Amino acid sequence: MCGIIGIIGKDNENVVAKIIKGLEKLEYRGYDSAGVAVVSDGNLSRLRAAGKLKNLIAKIEENGLSGSVGIGHTRWATHGKATENNAHPMMTKNVALVHNGIIENYRELKFELQKDGYTFSTETDTEVAAVFLQRELDRGCSPRDAFKNMLAAVEGSYAFAAIFSMLPETIMVAKNKSPLVVGFGKNMCIGSDASAISSECKEVVYLDDGDYAEVTREGVLFFDKSFNQIEKKRTPVSEDLIDSGKGTYEHFMLKEIMEQPNAIRKTILHNRIGEDILNGVSRILILACGTSYHAGLVARYWFEKFLKIPTNVEIASEYRYRSPIIEDNTLVIAITQSGETIDTLEALEYVRKHSNAKVAAIANVKNSAISRAADTVFYTEAGVEVGVASTKAFTAQLVVLAAIAFCRNEFFLQKLQNVPALCEEALALYEEIKPLAEKIKNAHSAMYLGRDVLYPIALEGALKLKEISYIHAEGFAAGEMKHGPIALIDDSVPVICLCPHNELFEKMESNIAVSMARGKNIIIFTDEIGAALLPNEAVKIVLPNINAEFAPILYSIPLQLLAYQTALIRGEDVDKPRNLAKSVTVE
Ligand code: AGP
């Protein structure tokens, strides 16, 4: 979601081009408008534009904008439409401010400021913070006191960065629940994540909730929530955070799909998980959202079947609102690609408040908020994932979960080693999968069916298709079809079935027969034996034979390719699908 960047140029260098570069790096987070503000000779100026960054760049080229201290923002609209007028930075006479998060008490603050004679020109919650600062300055406060007073007044989540006309060499920042880092390099920087400022800074400080900092050319002053000055530890920017571009691929998503064998290999290598993770554990609770939640659903099958530990998987955004009970001896596992998802972070906060449970995180982004909030972290070694639709991070999450599930089972750990090569074989089916997209591209709805460990993969396949092609798609446990969803099947609805020759093959075969009796667009992903037994009227794609437990990893791949190809031929923006954000930092 929203991305923030700020740069203080060393030798009065104009930083606007560098701010734009940083905003380009933040694009993956998802946004629908953007803007930059600079302070120069005691004057603030800004330019903003709705839509993609190219619109902002065109405006800057047309109107000119320069300054050696500036802030930039990509906005993912929450309060107020994605218009230029609602784009950040918000600006008053003496302040320009950018914000990621939601100011929950904006109505009361707005009312109070209006009573004091201040007017508003946007539909955003953020504008109250800028106007509040202006009122405090008008009352004679210093910028520091104005900022302190504003922080004391706002409730909700925020990463703020502000510049002041009377303080032309400083960026003030603060964080609560939304991510923010301060970077040290030739130029001092701030950013929503370290990757955005990685070309400028080799070291960063990750701000904690309640932190406030004044960044100047000379260095940074950090303060805690009680405004006591504090020291913060600098962390080198991990090479893993720096994306290496699309290479020869048309899209990041395709590159990332193709990178899976290596991502899985590396993840296996770095995650030899000892049995001690399960010491004293009598329950497991998995918290995650979206694709990461689907990985958790697969793990539940593994954990209960092989570890014999009762496991719950919870949608993190729902979890803390139903006052759940956390039993003693629970191991909590948060799964997240970005490590920033606010729903998952908040769910962990609930866990901390209401139990002494051990918390482990499975994260892809090193040093991310969730990995820092956990007692133990297992990193998926998938490398930077830029495509909004998660692919390699998902299969790498499955690998870490498998390493936990089979930490007492050498036989399966050995079998896991074969998975990368099998994934290579699955990727080689891309040419065969491409024509299937023609069968789906005009559908108004598609159904994905699976059973057992492949049921969550049906959910994931459907999520991939809807995210990037905008075709409505749902995943179902195949046995549930007869309890309602079968009513949806007609000739126009593609039914995509996951049916390797496993213990439940006959059951799944019947579910397919029932679908075929009602629709004619049936696509089956199976293996050699399955293909020989399944009807020839359906389209069959034959995957390599794999141990049934690891089928979720393998069968994810053709579904990713199918979704990718469908979105491609529909002409959609595969890497940056509409309305979506890679990093979900608001509830
Ligand atoms: C995946 O394709 C999605 N874009 C989305 O569902 C994602 O998995 C979800 O937002 C959770 O993100 P996280 O793994 O970074 O926590």
Side-chain angles (χ1 to χ4, degrees), residues 1 27-31 76 177-179 192-193 195 241 251-254 256-257 260 263 286-299 313-319 332-348 360-374 377-380 382-398 400-401 448 456-457 459-470 473 475 556-557 559-564 567 572-587:
M1 288 174 170
E27 275 191 290
Y28 80 96
R29 298 172 75 87
Y31 73 106
W76 188 88
K177 295 185 176 158
S178 301
S192 287
D193 57 42
S195 65
L241 295 173
H251 293 103
F252 278 105
M253 184 179 175
L254 185 60
E256 289 158 4
I257 291 173
Q260 286 177 108
I286 297 177
L287 298 168
C289 300
T291 289
S292 300
Y293 170 72
H294 296 155
L297 290 178
V298 173
V313 191
E314 300 271 358
I315 294 174
S317 57
E318 283 293 310
Y319 180 68
V332 176
I333 306 178
I335 311 175
T336 174
Q337 186 287 128
S338 61
E340 281 184 6
T341 304
I342 188 94
D343 301 300
T344 310
L345 203 53
E346 294 283 324
L348 285 188
I362 298 176
N364 196 40
V365 177
K366 310 247 158 87
N367 291 310
S368 50
I370 293 172
S371 58
R372 285 181 285 130
V377 58
F378 303 112
Y379 285 116
T380 44
V384 183
E385 191 179 68
V386 178
V388 164
S390 187
T391 53
K392 61 178 181 173
F394 174 65
T395 46
Q397 287 167 349
L398 290 177
V400 176
L401 291 161
Y448 287 69
I457 303 307
L459 298 177
E460 175 58 11
L463 179 63
K464 288 286 88 86
L465 186 72
K466 64 186 143 195
E467 275 189 299
I468 58 171
S469 74
Y470 316 141
S556 300
I557 290 178
L559 301 191
Q560 296 165 350
L561 289 168
L562 184 60
Y564 171 76
E572 308 299 357
D573 190 348
V574 176
D575 285 335
K576 295 186 217 94
R578 70 182 181 207
N579 304 339
L580 293 181
K582 184 82 183 153
S583 225
V584 179
T585 52
V586 295
E587 274 196 81

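This structure is a prediction, so every number in the text was calculated from the model and none was measured. Both ligands and their constituent atoms are indexed starting at 1 by order of listing.
If you take CD1 on I362 and CD1 on I286, they are separated by 7.5 Å, rounding to the nearest 0.5 Å. Summarising the geometry, atom CZ belonging to R29 is positioned 5.5 Å from atom OG1 belonging to T585; distances are rounded to the nearest 0.5 Å.
Assignment of V388 to the shell around ligand 1 is supported, since a heavy atom sits closer than 4.0 Å.
Residues M253 and T391 have side chains in contact (heavy-atom distance under 4.5 Å, counting atoms from C-beta outward). Within the 4.5 Å cutoff, side-chain heavy atoms of F394 are placed close to those of I457.
Residue-ligand proximity, K464 to ligand 1, at heavy-atom distances under 4.0 Å covers atoms 1 (C), 2 (O).
In the model, T341 has no side-chain atom that pairs as donor or acceptor with a side-chain atom of D343 under 3.5 Å.
Applying the side-chain hydrogen bond (donor to acceptor under 3.5 Å, both in side chains) criterion to S583, with sequence neighbours excluded, gives E340.
Geometrically, ligand 1 and T344 share no nitrogen or oxygen pair separated by less than 3.5 Å. Residue-to-ligand polar distances place S338 within reach of ligand 1: an N/O pair is separated by less than 3.5 Å. Between E467 and ligand 1, at least one N/O pair is under 3.5 Å apart.
Atom 13 (P) of ligand 1 has its closest protein heavy atom at T341 OG1, 3.2 Å. The protein atom (non-hydrogen) at minimum distance from atom 9 (C) of ligand 1 is C289 O, 3.7 Å. At the shortest separation from atom 10 (O) of ligand 1 among protein heavy atoms lies V584 CG2, 3.9 Å. Counting protein heavy atoms only, atom 1 (C) of ligand 1 is closest to T291 OG1, 3.0 Å.
With hydrogens and angles disregarded, a donor-acceptor distance shorter than 3.5 Å links the side chain of K466 to the backbone of A473.
The proximity of E340 to ligand 1, defined as any non-hydrogen pair under 4.0 Å, does not occur for either the backbone or the side chain.
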